Trainee: 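Here it is: the structure, laid out below.
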Amino acid sequence: MGGGPGTGVRMRILIVGATGVLGRQVVPRLVERGHAVRAVVRRAEQGPALATAGANVVQGDILDRESLTAAAAGCEAALHLATAIPIGPGGDWSSNDRIRREGTANLLAAAAAQGVRRYIQQSIVMLYGDTGSHLADESAPLRPGPVIQSAADMEDMVRHSTLEWCILRGAMFYGAGAGLEDRWRQAARSGELLLPGDGSDRISLIHVVDMARAVVAAVESAPTGSIYNVVDDEPPAYADLYAYVAALEGVAPPAAGGARAWQSFACSNAKIKRELGWQPAYPTYRSGLAR
């Protein structure tokens with residue numbers, strides 16, 4: 001039952017964050033490919049859906065190192081997919097910061113203690129800061145703002161570990177369970193969807209299904225010490241994106257003048273396509289938002 005990257009052999013894989021938007025997509029895809037998945041849940045009632053998808057469910061908490069060490073026993077790979085992203089501007093990021101800092105330290109230590117070698121870390125492309133009109137690749141310097149400094153700290157811990165690690169910098173999630181597109185659509189219908197600034201800022205997006213497919217590709221075949229942007233093929237200007245959302249809802253394009261929740265960020269997916277053979281099932285927001 002043992003195996004490793006690129007072997008096509010079944011692996012025993014621990015997933016922390018299995019109940020999240022991304023984790024719920026990753027679990028069945030790994031099971032379908034023949035891997036033995038152990039899913040960590042904080043509460044017993046979170047387990048049945050994952051169990052019916054084929055996972056072995058165990059209770060634990062990313063902020064409890066002992067529970068992770070017990071959960072990691074016998075595993076060959078560990079996936080850190082846990083987040084606690086607040087909804088809307090002005091939210092409390094402290095829980096997410098703890099998951100990124102304390103939780104990452106706990107999972108790295110648990111993996112090392114149990115001889116787990118393979119490690120996949122979910123991260124974010126917003127670490128590049130304001131890319132303007134430039135398309136940022138993985139060689140771009142990181143310029144994290146205060147809200148996401150914990151993501152930079154998280155990556156630093158992973159890079160300095162002795163595990164066979166891979167970091168996946170995801171774009172802004174949309175798709176089933178993410179909630180982002182639902183908020184856009186509702187705001188368009190109510191006339192509250194406004195362009196950030198003049199609408200020229202760009203945004204990198206990734207459908208949660210495509211992010212899950214990237215996680216599967218990474219755990220099976222990513223080289224040790226690799227970092228990938230997981231973004232779709234076309235980072236649009238907000239003016240184009242929101243005009244499309246408005247058209248889908250049958251309302252007029254939104255006006256300018258809204259708050260800028262994020263700086264402009266546009267990123268390239270050329271490396272993950274080239275090295276892992278990954279291709280997005282939803283290459284742009286047009287196909288991803290179509291209903």
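Note that the coordinates shown come from a computational prediction; the quantities given were computed from them, not determined experimentally.
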Trainee: Kindly indicate, with the supporting measurements, whether the criterion side chain to side chain contact (heavy atoms under 4.5 Å, CB included) is fulfilled by R43 and T19.
Mentor: CA-CA 10 Å; R43 301 184 303 275; T19 61; over 6 Å; no
Trainee: Taking the side chain as every heavy atom from C-beta outward, state whether I203 and Y238 have any atom pair closer than 4.5 Å.
Mentor: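 Heavy-atom side-chain distance check passes, below 4.5 Å.
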Trainee: Got a donor-acceptor contact below 3.5 angstrom from the S221 side chain to the A218 backbone?
Mentor: no
Trainee: Can a donor-acceptor pair be found, under 3.5 Å and without considering hydrogens, that links the side chain of H35 to the backbone of M11?
Mentor: yes
Trainee: With rounding to the nearest 0.5 Å, note down the distance linking CZ in R100 to CG in D97.
Mentor: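 One gets 7.0 Å once the value is rounded to the nearest 0.5 Å.
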Trainee: With a 4.5 Å cut-off on side-chain heavy-atom distances among I, L, V, M, F, W and Y, is there a chain of contacts connecting I120 to W278?
Mentor: yes
Trainee: Would you please say whether a donor-acceptor pair under 3.5 Å links the side chains of E102 and N106?
Mentor: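 Absent: no donor and acceptor within the cut-off.
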Trainee: What is the minimum heavy-atom distance between A136 and T131, and which atoms define it?
Mentor: CB-CG2, 3.9 Å
Trainee: Using side-chain heavy atoms (C-beta onward) and a distance below 4.5 Å, is R260 in contact with D130?
Mentor: yes
Trainee: If hydrophobic clusters are built from ILVMFWY residues whose side chains come within less than 4.5 Å, do W262 and L205 share one?
Mentor: yes
Trainee: How far apart are the C-alpha atoms of Q114 and T69, what are their side-chain angles, what is the distance that settles it, and do they pass the side chain to side chain contact (heavy atoms under 4.5 Å, CB included) test?
Mentor: CA-CA 7 Å; Q114 294 287 18; T69 303; 3.8 Å; yes
Trainee: Is there a continuous path of hydrophobic side-chain contacts, each under 4.5 Å between heavy atoms, that joins L79 to I227?
Mentor: no
Trainee: Restricting to non-hydrogen atoms, name the atom on L63 and the atom on G103 that form the minimum distance, rounded to 0.1 Å.
Mentor: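 In terms of heavy atoms, the two residues are closest at CD2-N, 3.9 Å.
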Trainee: Would you find a donor on one side and an acceptor on the other, under 3.5 Å apart, between the side chain of R10 and the backbone of G34?
Mentor: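 Side chain of R10 to backbone of G34: a pair is present.
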Trainee: Test your reading of the model: is there a side-chain donor-acceptor pair from R117 to the backbone of T162, 3.5 Å cut-off?
Mentor: yes
Trainee: Transitively linked via ILVMFWY side-chain contacts under 4.5 Å: L107 with L81?
Mentor: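 No, no single cluster joins them.
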Trainee: Salt bridge between R169 and E138, side-chain N to carboxylate O under 4.0 Å?
Mentor: no
Trainee: Mind listing the closest non-hydrogen atom pair of S287 and P283 along with its distance?
Mentor: OG-CD, 3.5 Å
Trainee: At what distance, to the nearest 0.5 angstrom, does CG of L68 lie from CG of L14?
Mentor: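 Rounded to the nearest 0.5 Å, the CG-CG separation comes to 7.0 Å.
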Trainee: Would you mind reporting whether V231 and P235 have side-chain heavy atoms less than 4.5 Å apart?
Mentor: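 Not touching, per the 4.5 Å side-chain cut-off.
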Trainee: So, D61 and R98, do they make that salt bridge, N to O below 4.0 Å?
Mentor: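 Not counted as a salt bridge, because no side-chain N and carboxylate O are separated by less than 4.0 Å.
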Trainee: For a side chain to side chain contact (heavy atoms under 4.5 Å, CB included) check, start with the C-alpha distance between L193 and E249, then their side-chain angles and the critical distance, and finish with the verdict.
Mentor: CA-CA 12 Å; L193 186 65; E249 295 302 320; over 6 Å; no
Trainee: Just verifying a value: how many Å separate Y244 OH and L289 CG, rounded to the nearest 0.5 Å?
Mentor: 6.5 Å
Trainee: Same cluster or not: W184 versus V209, using hydrophobic residues (I, L, V, M, F, W, Y) connected whenever any side-chain heavy atoms lie under 4.5 Å apart?
Mentor: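 Yes, it is one cluster - the side chains of W184 and V209 are joined through contacts under 4.5 Å.
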Trainee: side-chain contact (heavy atoms from CB on, under 4.5 Å) with V26: which of V31, V215, V208?
Mentor: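 So, applying the side-chain contact (heavy atoms from CB on, under 4.5 Å) to V26 and each of V31, V215, V208, only V215 qualifies.
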Trainee: So, for A214 and V230, which heavy atoms are closest and what is the spacing to 0.1 Å?
Mentor: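 That closest heavy-atom pairing would be CB-CG1, 3.6 Å.
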Trainee: What I want to find out is whether D210 reaches R213 closely enough, with some N-O distance under 4.0 Å, to be called a salt bridge.
Mentor: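 Looking at D210 and R213, the cut-off is met.
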Trainee: Apply side chain to side chain donor-acceptor pair (under 3.5 Å) to R189 and Q186, showing your working.
Mentor: CA-CA 5 Å; R189 290 192 295 269; Q186 176 57 41; 3.0 Å; yes
Trainee: Answer whether the closest heavy-atom distance between the side chains of N96 and T83 falls below 4.5 Å.
Mentor: yes
Trainee: Report yes if some heavy atom in the side chain of I15 is under 4.5 Å from a heavy atom in the side chain of L30; otherwise report no.
Mentor: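 Counting from C-beta outward, I15 and L30 do come under 4.5 Å.
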Trainee: Step through the shown structure and confirm whether more than 12 heavy atoms of other residues, nucleotides or ligands are within 6.0 Å of CD on E275.
Mentor: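 Atom CD in E275 is crowded, with more than 12 foreign heavy atoms closer than 6.0 Å.
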Trainee: Once you round to the nearest 0.5 Å, how far does CZ of R159 lie from CH2 of W165?
Mentor: 6.5 Å
Trainee: So do the side chains of L163 and V116 get within less than 4.5 Å of each other, counting heavy atoms only?
Mentor: no
Trainee: Do R291 and E181 make a side-chain contact, defined as non-hydrogen atoms from C-beta onward lying under 4.5 Å apart?
Mentor: yes
Trainee: Of all heavy-atom pairs between V158 and S161, which one has the smallest distance, and what is that distance?
Mentor: O-OG, 2.8 Å
Trainee: Output the distance between atom CD (Q59) and atom CZ (R42), rounded to the nearest 0.5 Å.
Mentor: 11.0 Å
Trainee: Quick one: are H80 and I62 in side-chain contact, heavy atoms under 4.5 Å?
Mentor: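 In short, these two side chains touch, coming nearer than 4.5 Å.
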Trainee: Indicate yes or no: does D232 engage R286 in a salt bridge with an N to O separation below 4.0 Å.
Mentor: no
Trainee: Test K273 against D233 for salt bridge (Lys or Arg N to Asp or Glu O under 4.0 Å), laying out the working first.
Mentor: CA-CA 10 Å; K273 284 182 169 181; D233 290 347; 2.8 Å; yes
Trainee: For the pair Y282 and H207, name the ring-plane relationship: parallel under 30°, tilted 30 to 60°, perpendicular over 60°.
Mentor: parallel
Trainee: Please find the pair of heavy atoms, one from P236 and one from L241, that lie closest to each other, and give the distance.
Mentor: CG-CB, 4.0 Å
Trainee: Given side chain to side chain contact (heavy atoms under 4.5 Å, CB included), test Y285 with D240 step by step and report yes or no.
Mentor: CA-CA 10 Å; Y285 63 93; D240 297 327; 3.8 Å; yes
Trainee: Calculate, to the nearest 0.5 Å, the distance between atoms CG and SG belonging to L127 and C267 respectively.
Mentor: 9.5 Å
